[in-house]
Amino acid sequence: DTITGGAGRDTIDLSAGGKDTVVLDSTAAADTIKGFTAGADSDKLDIYLLGTSVLKTITGTGTAFTIAGTDAVTAFNFAATNNSANLAGATDGTELLKGVANQGSTIGSFTATASDMGYIVAYDGTNSYLYHFLNDGDTSLAASEIALIGVLENVATGTLVAGNFA
């Protein structure tokens, strides 16, 4: 089945099983998706990728990260909960930037190509968070240029793969 969320925040329940595709665009308003099955040959998130789904994974916290639209989706494959970050607590990149930073440090922005766009996945140990980013004309990707477009409930850390994105 293919499910497309409407305007505003939607709750989409895939618990009935099967291989489903959820269509999210960059203007989605933090839709909640229940019952999503991660992994190869499973449910998909249709986020209008142009060409091949490229998934770049980052496996540890740091003090600086480069995010590139050429990767299509960048996944922080760890629980992004450092510095008391609460990914559910913000619809922009504010909590994301706190959560991926080394404990006790801060990241004011990611480095990115000017006018680049793409997607970021982060986990909090229980849920998966999908963000869309659209960088302005500089190389600094600020929290305000990152928007939460989907929350996948009970999707374990690191389980989303390239095949989950279309």
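Position 1 is the first residue of the sequence, and the numbers go up from there.
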Heavy-atom distance under 4.5 Å between the side chains of Leu14 and Ile3, does that happen here? yes
Using salt bridge (charged side-chain N to carboxylate O under 4.0 Å, His left out) as the criterion, list what pairs up with Lys44, not counting sequence neighbours. none
Rounded to the nearest 0.5 Å, what's the gap from CG on Asn102 to CD1 on Ile107? Could you check? 7.5 Å
Ignoring hydrogens, what is the shortest heavy-atom contact between Arg9 and Thr91? Give both atom names and the distance. NH2-CG2, 3.0 Å
If I take atom OH from residue Tyr119 and atom CD1 from residue Ile149, how far apart are they, to the nearest 0.5 angstrom? 5.0 Å
Leu97 to Gly108 - nearest heavy-atom pair and separation: CD1-O, 3.6 Å
For the residue pair Thr59 and Asn77, confirm or rule out a side-chain donor-acceptor distance under 3.5 Å. no
Closest non-hydrogen atoms of Ala122 and Leu87, given as atom of the first, atom of the second and distance, are CB-CD1, 3.8 Å
Spacing of Ile120 atom CD1 and Leu141 atom CG [to the nearest 0.5 Å]: 6.0 Å
May I ask you to decide if Ile146's main-chain N or O and Asp92's side chain share a donor-acceptor pair within less than 3.5 Å? no
Name the one of Ile12, Val23, Asp10 that satisfies side-chain contact (heavy atoms from CB on, under 4.5 Å) with Thr4? Val23
What is the distance from atom OG of Ser105 to atom CG of Asn82, rounded to the nearest 0.5 Å? 8.0 Å
Leu134 and Glu145: side chain to side chain contact (heavy atoms under 4.5 Å, CB included), yes or no, with the steps? CA-CA 6 Å; Leu134 177 58; Glu145 298 169 320; 5.9 Å; no
Ala88 and Tyr129: which non-hydrogen atoms are nearest, and at how many Å? CB-OH, 3.6 Å
Please check: side-chain N/O of Asp116 versus main-chain N/O of Ala68, any donor-acceptor pairing under 3.5 Å? no
Tell me whether Glu95 contacts the main-chain N or O of Asn86 through its side chain, where contact means a donor paired with an acceptor under 3.5 Å. yes
Between Leu24 and Ile33, does the side chain to side chain contact (heavy atoms under 4.5 Å, CB included) criterion hold? Intermediate values first, please. CA-CA 11 Å; Leu24 295 174; Ile33 303 164; 4.2 Å; yes
Kindly give the heavy-atom pair with the smallest separation between Gly60 and Phe65, and that separation in Å. O-CZ, 3.6 Å
Side chains of Leu45 and Leu152 in contact at under 4.5 Å (non-hydrogen atoms): yes
Mind checking the OG1-CZ spacing from Thr32 to Phe36? Nearest 0.5 Å is all I need. 14.0 Å
Strictly distance-based, threshold 3.5 Å: is any side-chain N or O of Asn83 a donor or acceptor partner for the main-chain N or O of Gly104? yes
Are any side-chain N or O atoms of Asp43 and backbone N or O atoms of Thr37, one a donor and one an acceptor, separated by less than 3.5 Å? yes
If we count only N and O atoms by modelled type, under 3.5 Å, do the side chains of Asp13 and Ser15 hold a donor and an acceptor together? yes
Side chains of Ile47 and Leu130 in contact at under 4.5 Å (non-hydrogen atoms): yes
With sequence neighbours excluded, give me every ring-ring contact (aromatic ring centres under 6.0 Å, His included) pair touching residues 85-115. Phe76-Phe110
Look only at the side chain of Thr159 and the backbone of Thr157, and say whether a donor-acceptor pair between them is shorter than 3.5 Å. no
Grab the two heavy atoms, one from Gly39 and one from Val161, that are nearest each other, plus how far apart they are. C-CG2, 3.5 Å
Could you go step by step and tell me if Val100 and Ile58 meet the side chain to side chain contact (heavy atoms under 4.5 Å, CB included) rule? CA-CA 10 Å; Val100 300; Ile58 298 171; over 6 Å; no
Distance check, rounded to the nearest 0.5 Å: Asn135 atom CG versus Ile67 atom CD1? 11.0 Å
